[in-house]
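The structure appears right after this line, and notes come after that.
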Amino acid sequence: MDLLLTIFLLLICLLISNVVSHYTPYIPTALIQVALGVILVLIYEDITFDIETEWFLLLFIAPLLFNDGSRFPREELWRMKGPILGNAIILVLLTTVVGGYFIHWLIEEIPLAAAFALAAILSPTDPVAVNGIAQRIRIPQKVLSLVRGESLINDASGLVAFNYAVAAVVTGYFSLSEAVFDFSYKFLVGGILGLTLGLLVISIRLVLRKQGINDVTFHTLLQIMTPFLIFIVTEELLHASGVIAVVVAGIVHSLVREQTETLIAEEQVLTENIWTIILFILNGVVFLLLGLSIPTSMSGVLENPNINLWLLLLYVLAVGLMILGIRFVWAYLFSLYEYHFGKMKEAAKPSLKLMLYVSLTGVRGTVTMVGVLSLPFLMDNGEAFPNRALLLFLAAGTILFTLIVATIVLPLLSKGQIVDGGTTEKMDLNEAQRRILLASIQKIKSEITEENEAAAYELIEEYELHFRHIQTEEDTKAQANKKYQRKTRELRLKALKLERKYVQRQYRNKKMKEEVYDAFEKSLNRREEVVADNARSTMLYLQGKLIRAWRRFRGQNSREEETRLVEFQEGLQLQLEALQAALSGLEETAKKYEPKEISDSVISDYKQMTSRLKKPEALYDEKYELQKEELRVIVMDMGRSVIYKMYVAGEITREQAKELRRYIHNVESVTLYETNE
C-alpha cells in the first residue's frame, strides 16, 4: 500500500481512538490504538509500515524524550536521581541477565545469548501508556515521576544491551570488557554532546536575536528541529547514544527557557501549541504501529502446525510475570535501602501496595516491539537466526500482557488511599482546573450588571462548557448515561411547553397577529426537534450554521437582523415575555428538581436568551465584545489568585501551578489577539 495512504489511515485511526476513548474512559487510549492497529492489518492485509530501529528512534523517540526532558521537574529529577538511575541502568542489566537465564531455562530451544537479547529489549518501560491510565485514575506522584524519569534513560541502556546480545548471537563472540567500555562511552559521550550541542543551539538563537532576526516562526522551527539535529550528530558522527544526548539537551533547554520565556512570550505560546500537536500525533502513531506489528510478529509462530498455542500463551504469561516480578523485587529492595540508609528525605516505607504500583507501571511498549523486529534473519555463518519468530511472539505477547494487567489492576489499587513518604497527596490537575472554573463562574455572576448582562451570560456559558470538558470520570459517566440525558430533555421540553402555552394564550386573547403566531410556532417546533436530538435536528442545526455563515460572509447578517427586529417588534416583546414566563416556571421547578446541575444549566440558558433579547443590538456592536473581554480579564486575574492560594496551601505542586498559569496565559493570549484584530 502506498506510504501516503498508510499515513493517512494511521491519522484517521488516531482520531477514532480518541473518540472511542471518550466513551470508554476505563480503557487506556494506548490500548485502543493498539487494537485499531491490529484491525487495520486485518482489513488491509497489504498495509505495511516497515521502519528501521535507527529511523524510529530519530523520528519518534528523539522528539518525545527531548520534550520529556525539557518538561520534567528539575528539582524532582535531582531529588530522585538515585531511584531513576537505579531503574534505568541497574534494573535493566538485572532484567537482561536474570531474565535471560529464566527464558533459556523455560524454553531450551532459545539459545542463552538470544534469551539475553529478548530480556534486554523487554527491559525499557513505556510511560505513554501509563500516562493514559494516570489521566483517569490516581497513581501516586512519586511512582509517576519514577516511571517518567527512568524512561528518559532506559531506552538507551536497554537498546545497548540488546544490540550486544544480538551481536553475540550473530557472530558468536562476546567480550565483557569491550561491552562495559562501549556502554560507558555511549552514555558519557552522549551526555557531553547533549550538553554541548544544546548550549550551542541556544547560543545560535541568542546571536541571531542580537542580529535582529526575531521572526517567531523561524525560532520555533529551529527549536523543534533541535532534537533531530542533536540525535543525528551524536549517533552518526560520534556513535554515542543519541537518546541520552536529546534528554540532556532537553533539560538544558528547560533551564535556559526559564530565564528567557518572559522576553519571548509569543514564541513560547506558538512553540507550546506546535509541540502539543506533534506529541499528540507521535504518541498515538507509535501505538498504532505497535498494533500493526503484532499480527506480523505472531504469524510466523502461529502458522507452524507443530506449535501448541496454549503452551505459547503459558510462555507469554511466565515471561510477563518474570519481567514484572524482577521489577517488584528490585523496587522492594531499593525502597528498603532508601528507607533505612538512603539520603532521600521522607523516603516511603516499603509496602506491598506501593511496590505493586511501581512494578505494574513498568509497561512495555513500542521500543520493545521496534527493537525485536530489527532482529536479523541470518547469522554470519549463513544459518537462520535461532527461533526468531518465537522471540517476536514472546515480545508482542509480553507487551500486551503488561498493558492489560496495568489496565485492570491499577484502577483496583487506586481505589484505596496511599501515602508517599508521609506527605499528603496533591490535588489532581483536572480537579484544580475545575476549582478555578467554578470560581470563575461565581466571579462573573458577581460582576453582572444591567449593562453587561448579555456578555456575562455568554461568558458563563463558555466557562460551563470548559467545565464539562474536564469533569471527573464519575461526573462524565453520570452525564453520559441515558437517565441523565432523558431528564435534561424532559426539563427543556417542559420549558418549551411553558413558552408555547404563553404564546397560545396571547393568540387566543387577540394580542398577537397571525403571522407572528405562525413564526412562533415554527420557531418552537424547530427548537423541540433540536432538543429531541435526532438526525433531522442535527441537519437543521448545520443548515442554520451554514446560512448564518453565508450571510456574515456577504455582510448581510446585521442588516437583515435589524430589519427583522423592526418588522417584528411586537413579536420581539412577546418572545421576551414567553421566555420570562418559562424562566419563572423553571425557577419554581428547580426548588425540588434533582439533579440540581440540570436545572441550573437550563435556567442559565434561558437567562442568557432573555438578556440578549433585552439588548439585541449588543450582539452586533463593539461595546458588547468590549464588555466580554473586560469580564474575561477580571476572571483571569482572579484565576491567578486562586492558583497562588492553592499552591501556598500545599494543594498543588509547583509544576501544577506552572501548568495552570500556562493555561490562563494561553486564554489571555487568545483574548488579546482577538481584541487587537
Side-chain angles (χ1 to χ4, degrees), residues 86-126 150 154-155 157-170 172 174 176 179-180 183 294 297-298 300-301 307-335 352 355-356 358-365 367-369 371-375 385-406 409:
N87 279 26
I89 298 177
I90 300 176
L91 178 58
V92 167
L93 297 178
L94 280 176
T95 303
T96 301
V97 176
V98 177
Y101 277 112
F102 176 83
I103 293 171
H104 177 64
W105 169 82
L106 181 68
I107 311 173
E108 294 182 356
E109 294 83 0
I110 299 179
L112 184 59
F116 284 148
L118 177 59
I121 204 60
L122 285 173
S123 59
T125 55
D126 193 326
E150 67 174 299
N154 63 13
D155 287 346
S157 55
L159 286 169
V160 170
F162 170 74
N163 289 332
Y164 266 99
V166 171
V169 177
V170 172
F174 176 76
L176 181 61
V180 171
F183 189 87
I294 286 176
S297 62
M298 291 184 169
V301 174
I307 295 293
N308 187 322
L309 178 59
W310 292 108
L311 182 61
L312 287 176
L313 294 178
L314 285 176
Y315 285 159
V316 169
L317 179 63
V319 173
L321 291 174
M322 176 270 300
I323 292 293
L324 296 180
I326 293 174
R327 186 175 177 85
F328 179 89
V329 173
W330 164 260
Y332 179 79
L333 294 177
F334 192 88
S335 180
L352 175 63
M355 297 307 104
L356 284 174
V358 175
S359 58
L360 292 176
T361 49
V363 175
R364 273 54 181 176
V367 171
T368 296
M369 198 71 251
V372 79
L373 286 173
S374 69
L375 287 172
F385 194 94
N387 291 287
R388 184 179 185 275
L390 180 57
L391 294 175
L392 265 62
F393 182 91
L394 292 174
T398 304
I399 292 170
L400 289 177
F401 174 79
T402 56
L403 265 172
I404 293 170
V405 169
V409 181

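Along the sequence shown, the residues carry numbers beginning at 1. Keep in mind that what you see is a predicted model, and the values were worked out from it rather than measured. Side-chain atoms are counted along with the backbone in the values below, which use heavy atoms only and exclude waters and symmetry mates.
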query = How would you list, by chain and number, every residue that makes a side-chain contact (heavy atoms from CB on, under 4.5 Å) with Asp155, sequence neighbours excluded?
reply = Ile61, Leu65, Pro124, Val243, Val367

inquiry  = Walk me through whether Phe328 and Val358 qualify under side-chain contact (heavy atoms from CB on, under 4.5 Å).
reply    = CA-CA 7 Å; Phe328 179 89; Val358 175; over 6 Å; no

ask   = Are side-chain heavy atoms of Phe162 and Thr368 found at a separation under 4.5 Å?
value = no

key: Separation of Ser374 OG from Leu159 CG (nearest 0.5 Å)   = 8.0 Å

query = Can you tell me how far the CZ atom of Phe393 sits from the OH atom of Tyr315, to the nearest 0.5 Å?
reply = 11.5 Å

inquiry  = Assess the residue pair Leu312 and Leu390 against the criterion (side-chain contact (heavy atoms from CB on, under 4.5 Å)); give the C-alpha distance rounded to whole Å, side-chain angles, the decisive distance to 0.1 Å, and a yes or no.
reply    = CA-CA 9 Å; Leu312 287 176; Leu390 180 57; 3.5 Å; yes

Those residues that, when tested against Phe401, pass ring pair (Phe, Tyr, Trp, His ring centres under 6.0 Å) (two or more places apart) = none

key: Side-chain H-bond candidate by donor/acceptor type, Ser123 with Asn154, under 3.5 Å   = no

key: Residues forming a side-chain contact (heavy atoms from CB on, under 4.5 Å) with Ala396, sequence neighbours excluded   = Ile294, Ser297, Met298, Met369

ask   = For Tyr332, what residues pass the side-chain contact (heavy atoms from CB on, under 4.5 Å) criterion, not counting sequence neighbours?
value = Leu336, Pro350, Met355

ask   = If you round to the nearest 0.5 Å, how far is CG of Leu392 from CG of Leu118?
value = 9.5 Å

Sidechain-backbone polar pair: Asn308 side chain, Leu311 backbone, donor-acceptor under 3.5 Å = yes

request  = List the atom of Val166, the atom of Ala117, and the distance in Å for their closest heavy-atom pair.
outcome  = CG2-CB, 4.0 Å

task = Could you tell me whether a side-chain N or O of Arg364 sits under 3.5 Å from a main-chain N or O of Leu400, the two making a donor and an acceptor?
result = no

query = Considering the options Val319, Leu321, Leu324, which one meets the side-chain contact (heavy atoms from CB on, under 4.5 Å) requirement together with Thr398?
reply = Val319

key: Partners passing side-chain contact (heavy atoms from CB on, under 4.5 Å) against Ala167 (at least two apart in sequence or in another chain)   = none

What donor-acceptor contacts under 3.5 angstrom involve side-chain atoms of residues 87-111, with partners at least two apart or in another chain?
from   : atom 1 : to     : atom 2 : distance (Å)
Asn87  : OD1    : Trp330 : NE1    : 2.8
Asn87  : ND2    : Glu150 : OE2    : 3.3
Thr95  : OG1    : Leu91  : O      : 2.7
Thr96  : OG1    : Val92  : O      : 2.8
His104 : ND1    : Ile110 : O      : 2.8

request  = Begin with the C-alpha distance, continue with both residues' side-chain angles, and end with the deciding distance and a verdict on side-chain contact (heavy atoms from CB on, under 4.5 Å) for Val363 and Thr125.
outcome  = CA-CA 5 Å; Val363 175; Thr125 55; over 6 Å; no

